[in-house]
Amino acid sequence: AKRQRGGRQLCFFNQAIAHAVRQRERLLNEVAQALGSGEFVLHYQPIVDLPSGRTVAVEALLRWIRPDGSLRLPSAFIPEVERHNPRLMQDIGRFVLESAVRQAETWFRAGFSLTVAVNVSARELLEEGFLPTLAELLGRHPDLPRERLMLEITETAALEKLAHARSIMNACRGLGVRFAIDDFGTGYASLTNLRELPVDRVKIDRSFVAGLPAAQGDRAVVQAILRVAQVFGVDVVAEGVETPTQARALQALGCRLMQGYGLAHPLPAAQITDWLRDAKPAALPLTCAGPPLS
Ligand code: C2E
Ligand code: MG
Ligand code: MG
Ligand code: MG
């Protein structure tokens, strides 16, 4: 009887796994189709310098808009694609880079001076075809100043291949492209990454910004990141800035570059163009919120 029950549980377990596998297969097929039929677009979120209010950069964020108009966020599919279909991830990565570079060139020609940041997963970066693809893409956009493209690499296990990552990043930088470490402070080797990799910018993960200014631990982490970044000569963006209080606390700590719903949500390119044309510092929700905290 005991064995029979075990057998039944095992059977149930197998069915659950089979179900999960089928669901994943369905998702991966849907993603491949969506990419082919133009359901993917990029939205862009401003990165703002305070107190000047100038938008110094925008981050490209992938959006899947389905025919019925509903939106799927990257967290709902990118991790799955990356783990289970690296080829498809490469195709998505190419689409993203291609669109972002084209848009960066459009803004450059329109006279806006801003960087476009593109997320690249560590696995994409370490893929053999990455560098030649990037070089070829930039070759097709000769007018775009290379330093206007910044690649954001998240701290993940893949980055453990430090020597490999470093050589690819150096080669990309040889093309003129710059790098940011994304979600900085969440990886277990943040400081090693900063020391070993050719980085121009770090982005403080929003989990450390959330508790400002009250949470002493978060405050200490932010302070430490700012100090270390200064020593290494890299600039710092705070992610996930949602409230005036957080913005003022960051300013008081000496952090000027900020990104978050409190400043602007990710928007379609056309709306970003309007934003760049119209945005006056006083129009920013966070700057009319009183004097900086000390
Ligand atoms: P990330 O690169 O750290 O991007 C920031 C994420 O935080 C975005 O989520 C953005 O919409 C969200 N965010 C911005 N401001 C706030 C805020 O004030 N509060 C909160 N709670 N969230 C805020 P999103 O667009 O869902 O992207 C999630 C992650 O997916 C990104 O994190 C990035 O790692 C990845 N991702 C997005 N687009 C791409 C892409 O084109 N390629 C690759 N490889 N990964 C991408
Ligand atoms: Mg990012
Ligand atoms: Mg991030
Ligand atoms: Mg992230």
Side-chain angles (χ1 to χ4, degrees), residues 31 34-35 39-48 55 57-65 71-83 85-104 115-127 130 133-134 149-159 178-187 190 193 199-212 225 236-247 250 257-269 272 284-286:
V31 169
L35 182 64
E39 292 174 27
F40 285 128
V41 293
L42 296 183
H43 285 184
Y44 297 86
Q45 187 177 31
I47 296 172
V48 178
T55 296
V58 290
E59 177 177 8
L61 295 162
L62 188 61
R63 298 292 179 259
W64 177 1
I65 300 168
L71 180 82
R72 272 176 118 168
L73 291 173
S75 53
F77 58 94
I78 288 217
E80 290 286 294
V81 176
E82 217 196 324
R83 267 190 65 187
N85 194 340
R87 275 289 308 278
L88 180 56
M89 193 60 228
Q90 262 186 327
D91 292 342
I92 293 174
R94 273 174 205 194
F95 163 81
V96 169
L97 264 175
E98 178 110 36
S99 320
V101 164
R102 202 181 318 119
Q103 188 57 55
T115 300
V116 174
V118 177
N119 291 287
V120 174
S121 73
R123 257 180 96 160
E124 284 175 79
L125 177 80
L126 301 180
E127 212 74 62
F130 185 79
T133 304
L134 180 66
L149 179 62
M150 185 172 273
L151 304 180
E152 296 192 359
I153 312 292
T154 302
E155 301 192 291
T156 60
L159 261 196
R178 295 181 299 157
F179 280 94
I181 300 186
D182 209 343
D183 303 346
F184 189 74
T186 56
S190 296
N193 291 337
V199 167
D200 305 277
R201 171 172 291 175
V202 297
K203 301 186 76 178
I204 303 178
D205 189 68
R206 68 165 183 266
S207 61
F208 301 118
V209 172
L212 293 181
I225 292 176
V236 178
V237 173
E239 294 191 285
V241 180
E242 295 182 351
T243 69
T245 322
Q246 289 165 347
L250 286 160
L257 301 180
M258 303 183 201
Q259 177 181 2
Y261 298 157
L263 292 147
H265 282 258
L267 298 167
I272 290 290
L284 288 172
L286 294 181

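One-based numbering, in listed order, for ligands and for the atoms of each. Note that this is a predicted model, so its numbers are computed, not measured. Residues take their numbers from the sequence shown, with the count starting at 1.
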N/O/S of Asn119 less than 2.8 Å from the Mg ion (ligand 2)?
yes
Is ligand 1 under 4.0 Å from a heavy atom in the side chain of His43, in the backbone, in both, or in neither?
neither
Within reach of ligand 1, part of Arg63 (heavy-atom separation under 4.0 Å):
side chain
Determine, considering heavy atoms only, which of Leu61, Thr186, Thr154 sits nearest to atom 31 (C) of ligand 1.
Leu61
Looking at ligand 1, is there an atom of it that comes within less than 4.0 Å of some heavy atom belonging to Met89?
yes
Under-4.0 Å salt bridge between Glu152 and Arg201
no
Could you tell me whether Asp183 approaches ligand 1 through its side chain, its backbone, both or neither, with non-hydrogen atoms closer than 4.0 Å?
side chain
Assess whether side-chain hydrogen bond (donor to acceptor under 3.5 Å, both in side chains) is satisfied between Gln90 and Glu124, documenting all intermediate values.
CA-CA 6 Å; Gln90 262 186 327; Glu124 284 175 79; over 6 Å; no
Should the proximity of Ile78 to ligand 1, defined as any heavy atom under 4.0 Å, be assigned to the side chain, the backbone, both, or neither?
side chain
Between Gln103 (side chain) and Ala100 (backbone), is there a donor-acceptor pair under 3.5 Å?
no
Do you know which of Glu82, Glu127, Arg83 makes side chain to side chain contact (heavy atoms under 4.5 Å, CB included) with Met89?
Glu82
Identify, with sequence neighbours excluded, every residue that meets side-chain hydrogen bond (donor to acceptor under 3.5 Å, both in side chains) alongside Glu39.
Ser37, Trp64
Side chain, backbone, both or neither: the part of Leu62 lying under 4.0 Å from ligand 1 by heavy atom
both
Taking the Mg ion (ligand 2) as the apex, Glu152 OE1 and Glu59 OE2 span an angle, rounded to 10°, of 90°
To which of Gln246, Glu239, Arg206, Glu82 does the heavy atom nearest atom 7 (O) of ligand 1 belong?
Arg206
Do any of the N, O or S atoms of Asp182 sit under 2.8 Å from the Mg ion (ligand 3)?
yes
Looking only at non-hydrogen atoms, the one of Glu242, Gln45, Gln259 nearest atom 15 (N) of ligand 1 is Gln45
What do you reckon, does Glu124 put a non-hydrogen atom under 4.0 Å from ligand 1?
yes
With a cutoff of 4.0 Å, is Ser121 in contact with ligand 1, counting heavy atoms of the residue only?
yes
Would you say Asp182 has any N or O atom under 3.5 Å from an N or O of ligand 1, going by distance alone?
yes
Below 4.0 Å from any atom of ligand 1, is there a heavy atom belonging to Glu59?
yes
Metal proximity, Asp183 vs the Mg ion (ligand 3), N/O/S cut-off 2.8 Å
yes
Is the distance between the Mg ion (ligand 2) and the nearest N/O/S atom of Glu239 smaller than 2.8 Å?
no
Where's the contact between Ser75 and ligand 1, heavy-atom distance under 4.0 Å: side chain, backbone, both or neither?
neither
Heavy atom of Lys203, distance to ligand 1 below 4.0 Å:
no
Gln259 backbone acceptor or donor facing Gln45 side chain under 3.5 Å
no
